[in-house]
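Beneath this line is the structure, given in structure tokens, with notes to follow.
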Amino acid sequence: MEKDADGFYTPAAAGKSAEAQPSDSSARPQEGGGIRTEDKTDLIKSTFEVSVTLADQQRDKDSPLYSVKTFEELGLHQDLLKGIYDMGFSKPSKIQERALPLLLSDPPQNMIGQSQSGTGKTAAFVLTMLSRVDFSKNKPQALCLAPSRELARQIMSVVVAMGKFTSVQTEYAIKDNLPKNATNVTAQIVVGTPGTMTDLIRRKIIDVSEVKVFVLDEADNMLDQDGLGEQTLRVKNMLPRGQVQIILFSATFPDHVRNFANKFAPNANKIELKKNELSVDNIRQFYMDCRNEEHKYDVLVSLYHLLTIGQSIIFCQHRHTADRISQRMTAEGHKVASLHGAKDAAERDNIIDGFREGRDKVLITTNVIARGIDILQVNMVVNYDLPLLNERPGSSKDDARPDIETYIHRIGRTGRFGRKGISINFVHDKRTWAQMEQIEQATGKQIIRIETNDLDEMETQMKKALK
Ligand SMILES: Nc1ncnc2c1ncn2[C@@H]1O[C@H](COP(=O)(O)OP(=O)(O)OP(=O)(O)O)[C@@H](O)[C@H]1O
């Protein structure tokens, strides 16, 4: 099975793997901030392929994709092994190899698992849910929460694909999915967002008496007081005491939620990353020094050809910015889509499906899809606005600190499972410059300057980074 045009898993030629090229690290800033240009290319005109050999990276001991084990050795049921191989997976990744034996051991134990973006966390918790449910019982037994409907739908596509050779039944707990007069959910696995899940449990449409597994994807965000923390806790408090395995996964676990995570999933087995392992090496990070806000728009438009070579996601801080840019670009004849939380459910589904199918190549959005979204063709992420922590009341805009976690998740929309990717940050004044420097320090990865007026240079850099 491989992903179909709309990015969800469908039966197709199994076991296909893309091909890899060694990475090139010759691009270095010169004194004065310029960049050495080597081998000019015809990138804009060409249709060069962005590709990697997964098998090679899975052999590299230092790669998060490396594993000494096979899926057979991880103790999975035969029907699930069939599902995995049907999806074209041949070996587990490091997080899968390390987490699965712990997740599947009996008696069940809680887990707090961290590994870089795009390294296969979803498969680890989906396999756990599928392994734990009793398919002969028509009652919810595994609940999974995600921070956005887009991510919940994507997780569900993985449940359906991996469970293809089982008799699993599934249901969504996302807005506008179930009819108002819906009765008891009989599905064994329910995936949704915290608000709707709470509502359905309260209304007794979801009976939680048989729930055995509770998964939080993007757990740090789901537990953050400023995020979805309260709603998620409400769901947990409605579950039967003492019998539920709690599984938290994320690429990031900032200190201010770690304590809460430990209380939320007591006595959990833990897989943790060191700070310098947070971001993946296959994503090359650049910045462009724009003159002002208006110039950011002009630079983005000038990049349009490069943005559409593969697929690109443009992140803005506010919904109105995403709308304004997309309206302007559309009026000027460019094909772009915009997605944010103010759009209604059907429209959101339509937009993300169009992007997954490749009907749209450029998606302008907010943090709503900064986490978890897995579209392999995305090879470029632009931070039109750098992600910022919520500005505190009374503090000036100048004090706003960059949101490092969101930055890591945003750029992780590219470079999925060992593929190459590029991120470009727009800075346009002293404040944004300082914020970018803080990001560079926190991630420990160099962010390389590219001139805003040198498209040839950009093209050359892109080709090198994606090679
Ligand atoms: N063992 C494997 N072999 C091959 N491909 C895999 C394997 N495990 C996962 N993948 C693929 O790798 C991609 C990334 O996986 P996934 O979305 O689970 O990452 P993640 O760690 O949850 O990322 P994020 O932190 O962004 O949520 C997906 O397209 C998935 O199908």
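Indexing begins at 1, ligand by ligand and atom by atom, following the structure's order.
Checking only distances, Lys91 does come within under 3.5 Å of ligand 1, N or O to N or O. On a distance-only criterion, Ser115 and ligand 1 share no N/O pair closer than 3.5 Å. Residue-to-ligand polar distances place Gly120 within reach of ligand 1: an N/O pair is separated by less than 3.5 Å. For a threshold of 3.5 Å applied to N or O pairs, the pair formed by Gln154 and ligand 1 contains no separation below that value. Polar contact check, Gly118 against ligand 1: a nitrogen or oxygen pair lies under 3.5 Å apart.
Judged by the 6.0 Å distance and 45° axis criteria, Lys296 is positioned over the aromatic ring of Tyr384.
Near Thr122, meaning under 4.0 Å from any of its heavy atoms, are these atoms of ligand 1: 16 (P), 17 (O), 18 (O), 22 (O). Those atoms of ligand 1 that come under 4.0 Å of a heavy atom in Gly372, given as number and element, are 26 (O), 27 (O). Near Arg413, meaning under 4.0 Å from one of its heavy atoms, ligand 1 places the atoms 26 (O).
The closest heavy-atom contact to atom 27 (O) of ligand 1, among the options Met162, Glu218, Lys121, comes from Glu218.
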Expected list for residues 262-269: side-chain donor-acceptor pairs under 3.5 angstrom, two or more places apart:
residue, atom, partner, partner atom, Å
Asn262, OD1, Lys270, NZ, 3.3
Asn262, ND2, Arg258, O, 3.4
Asn269, ND2, Gln109, OE1, 3.4

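For the pair Phe71 and ligand 1, a heavy-atom separation below 4.0 Å is found.
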